[in-house]
Student: 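Before I ask anything, let me first share the structure, which is written out below as structure tokens.
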Amino acid sequence: MYRSHYSKDVTKKDYDKSIMVAGWIEDIRNIGSIAFIILRDKKGTLQLTVLKKENPELFEKLTSLSRESVVSIKGICKENEKVRNGYEILPKTFEVLSVAKAPLPLGVVDKVEADFDTRLDNRFIDLRKQRNRAIFTIRNAVFAVAHEYLQSQGFIEVHTPKITASSSEGGTDVFRLKYFEKEAFLAQSPQLYKQSLMATGLDRVYEIAWYFRAEEHNTRRHLNESTAVDLEMAFISDEEEVMNVLENLVHAMWKRASECKNEIRVLGKKIIVPKLPFTRIVYDKVVNKLQERNSSIQWGQDLRTDDERLLGDIMKEHGTEFYFITKYPLESKPFYTMPEGDKYSRGFDLACKGVEIASGSQRIHEVKLLEERMKVCNLSPKDFESYLNAFRYGMPPHGGFGFGIERFLMELLDIKNIRECILFPRDRTRLTP
RNA sequence: GCCCCGGUAGUGUAGUGGCCUAUCAUGCGAGCCUGUCGAGCUCGCGACUCGGAUUCAAAUUCCGGCCGGGGCGCCA
């Protein structure tokens with residue numbers, strides 16, 4: 001046994017008793033005859049106080065350890081108002097579990113900041129910082145509530161292949177790889193599989209999905225490997241039903257995040273839970289509003305980055321940070337999007353403060369129309385035979401969305417670089433660690 | 001894919017042709033110090049991304065490579 005208590009779990013009942021703590025040596029302040037050692041564990045830090053005259057050998061050994069070495073300490077817990085936790089530990093025995101090499105490639109509590117690149121190269125140390133770990137604690141919390149909410153709504157979690165034969169649904173470049181004697185691709189999304197599952201009778205499925213995208217973008221908001229809550233539901237009469245699930249999901253996640261008080265405090269953020277329902281604004285109106293503000297957007301075009309930001313500002317003036325953009329022009333949406341009339345589609349985006357965080361639609365469930373739309377989008381139905389087959393033997397009306405988690409976390413926590421929101425980011429140049 | 005920018009001790013920086021034997025902080029090492037909590041003080045250690053060119057002289061200018069950052073497009 002190495003530990004009886006975490007730093008934050010020590011209570012008045014433990015005072016004057018022998019307890020065991022374990023963790024990383026964050027800092028050693030050796031004053032001469034007395035030394036203060038800060039020990040960090042999963043939950044926080046605590047102070048070890050060592051007196052030279054009480055045990056010169058123990059004093060010497062403990063104070064000469066390198067920072068970030070891992071130790072287990074057995075000692076007496078003493079109440080002390082002068083110490084931040086209200087207690088300190090007077091070590092009696094200890095065990096060194098791992099000695100850290102010095103100097104560190106990245107200081108955990110140094111007064112100098114490190115470049116993000118240096119931080120990522122040494123992510124295992126970077127994540128020793130409370131602030132950085134808080135992001136992933138919140139990430140865990142929002143995933144947990146996503147599962148809870150979706151399960152409660154009758155969705156089941158599925159896992160679809162990430163190695164696929166079909167090259168593209170359009171819209172992005174994909175990674176190519178060798179699959180024995182064949183060529184294969186990394187899935188850009190579970191889109192085709194989750195739709196195929198609508199033909200099975202599972203009715204409502206979701207996946208914590210990996211998106212692999214080979215675009216050579218180099219921005220703060222793009223990753224080449226990202227995660228999403230991807231969802232598909234059958235027997236819907238229109239896309240509004242899908243939007244309803246999405247807004248409730250986002251709301252539940254935002255709310256759960258707001259309950260992570262400790263992490264929010266560490267991050268120095270405020271999280272205000274948005275009100276439901278989110279505003280719906282049709283694409284045509286978006287174009288009008290943007291044109292009123294001197295945007296050069298033409299009807300039919302997708303919103304450019306500056307248009308998205310401008311719309312975010314406009315919506316904020318109307319007191320809303322979340323909004324759906326609905327009834328997109330058919331030509332700006334992927335082939336599987338259900339048309340509405342000749343020009344429009346049942347596709348929508350969900351934006352938060354000017355950033356697109358989710359995208360979805362009612363889908364086409366009629367195979368002839370699907371083939372037609374593929375051709376219009378310069379895709380060959382021949383390349384999608386196994387997908388199309390799922391539509392030939394009974395496919396109910398359905399729809400769904402993809403909801404980017406890193407984008408969500410960026411907006412939730414006001415983080416400027418998306419790479420902060422994933423443990424080991426994959427971007428244009430980074431393949432390690 | 002297009003465009004812009006950067007690379008100096010372990011870390012973060014100063015430096016814009018000679019005053020650079022390269023600044024400061026942090027770190028690391030040695031020493032002093034009984035209540036620190038960004039501890040303090042003394043001494044020390046440690047660096048110009050690579051290759052070529054210009055020049056009497058290059059961290060500094062030019063060209064190329066390598067590595068990285070950012071914007072746009074595309075998207076989550």
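Here is how names work: the chains are called A, B, and so on, in the same order as the sequence lines, proteins then strands, and each is numbered from 1.
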Student: For A:Asn224, answer base if it contacts any base atom (sugar-phosphate contacts may also be present), sugar-phosphate if it contacts only those atoms, and nothing otherwise; contact means non-hydrogen atoms under 4.0 Å.
Tutor: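 No contact.
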Student: State the pairing partner of B:G6; accept Watson-Crick or G-U wobble contacts with both distances under 3.5 Å, and report none otherwise.
Tutor: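 When the pairing criteria are applied, B:C67 turns out to be the nucleotide that pairs with B:G6.
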Student: Phosphate oxygens OP1/OP2 of B:C72: is one of them under 4.0 Å from a side-chain N or O of A:Arg221?
Tutor: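 True: A:Arg221 side-chain N/O within range (under 4.0 Å) of B:C72 OP1/OP2.
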Student: Using Watson-Crick or G-U wobble geometry with both distances below 3.5 Å, tell me the partner of B:G27, or none.
Tutor: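 B:G27 is paired with B:C45.
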Student: Sort out the partner of B:C72 for me: Watson-Crick or G-U wobble, both distances under 3.5 Å, none otherwise.
Tutor: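 Its partner is B:G1.
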Student: How would you label the contact of A:Arg213 with the nucleic acid (heavy atoms, under 4.0 Å): base, sugar-phosphate, or nothing?
Tutor: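 Base, at least one base heavy atom under 4.0 Å.
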Student: Please classify the nucleic acid contact of A:Glu308 as base, sugar-phosphate, or nothing, using heavy-atom distances under 4.0 Å.
Tutor: base
Student: Specify the separation, in whole Å, of atom CG of A:Asp306 and atom P of B:G71.
Tutor: 13 Å
Student: In this structure, how many angstroms lie between the P atom of B:C72 and the CG atom of A:Asn218, rounded?
Tutor: 11 Å
Student: Heavy atoms under 4.0 Å, any strand shown: does A:Asp302 hit a base, just sugar-phosphate, or nothing?
Tutor: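 It contacts sugar-phosphate atoms only.
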Student: Is it the case that B:U36 (base atoms only) and A:Lys82 (side chain only) share a donor and an acceptor within less than 3.5 Å, ignoring hydrogens and angles?
Tutor: no
Student: When you measure from the side chain of A:Ile31, which nucleotide among B:A39, B:G73, B:G69 comes out closest?
Tutor: B:A39
Student: Return the pairing partner of B:G40 with a 3.5 Å limit on both distances, Watson-Crick or G-U wobble; otherwise return none.
Tutor: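 Its partner is B:C32 (Watson-Crick or G-U wobble, both distances under 3.5 Å).
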Student: Out of A:Phe408, A:Tyr211, A:Tyr206, which residue meets the ring-ring contact (aromatic ring centres under 6.0 Å, His included) rule with A:Phe403?
Tutor: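 When ring-ring contact (aromatic ring centres under 6.0 Å, His included) is applied between A:Phe403 and each of A:Phe408, A:Tyr211, A:Tyr206, only A:Phe408 qualifies.
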Student: Under a 3.5 Å threshold, yes or no: a donor from one side chain and an acceptor from the other, between A:Arg139 and A:Thr227?
Tutor: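 Result is yes, a qualifying pair exists.
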Student: Rounded to the nearest angstrom, tell me the gap between atom CG in A:Asp173 and atom P in B:G73.
Tutor: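 The answer, rounded to whole Å, is 16 Å.
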Student: Tell me what A:Glu225 touches on the nucleic acid: a base, only sugar-phosphate, or nothing, going by heavy atoms under 4.0 Å.
Tutor: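 The residue A:Glu225 makes no contact with any strand.
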Student: Taking only the C1' atom of each, what is the distance from B:C20 to B:G15 in whole angstrom?
Tutor: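 About 9 Å, rounded to a whole number of Å.
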Student: Counting the atoms with a prime plus P, OP1 and OP2 as sugar-phosphate, which does A:Arg419 contact under 4.0 Å by heavy atoms, base, sugar-phosphate, or nothing?
Tutor: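 If one applies the 4.0 Å heavy-atom cut-off, A:Arg419 turns out to touch the sugar-phosphate alone, with no base involved.
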Student: What nucleic acid atoms does A:Glu356 come within less than 4.0 Å of, heavy atoms only: base, sugar-phosphate, or nothing?
Tutor: sugar-phosphate
Student: Could you state the atom-to-atom distance from NE2 of A:His222 to C1' of B:C72 in whole Å?
Tutor: 10 Å
Student: Please give the nucleotide sitting opposite B:A59 as a Watson-Crick or G-U wobble pair, both distances under 3.5 Å, or none.
Tutor: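 None - no nucleotide pairs with B:A59, as no candidate has both distances under 3.5 Å.
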Student: For B:C75, does the base pair up with any side-chain atom of A:Arg407 as donor and acceptor (N or O, under 3.5 Å, distance only)?
Tutor: yes
Student: Under a 3.5 Å cut-off for both contacts, is B:U54 paired Watson-Crick or G-U wobble with anything, and if yes, with which nucleotide?
Tutor: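 Base-paired to nothing in any strand shown.
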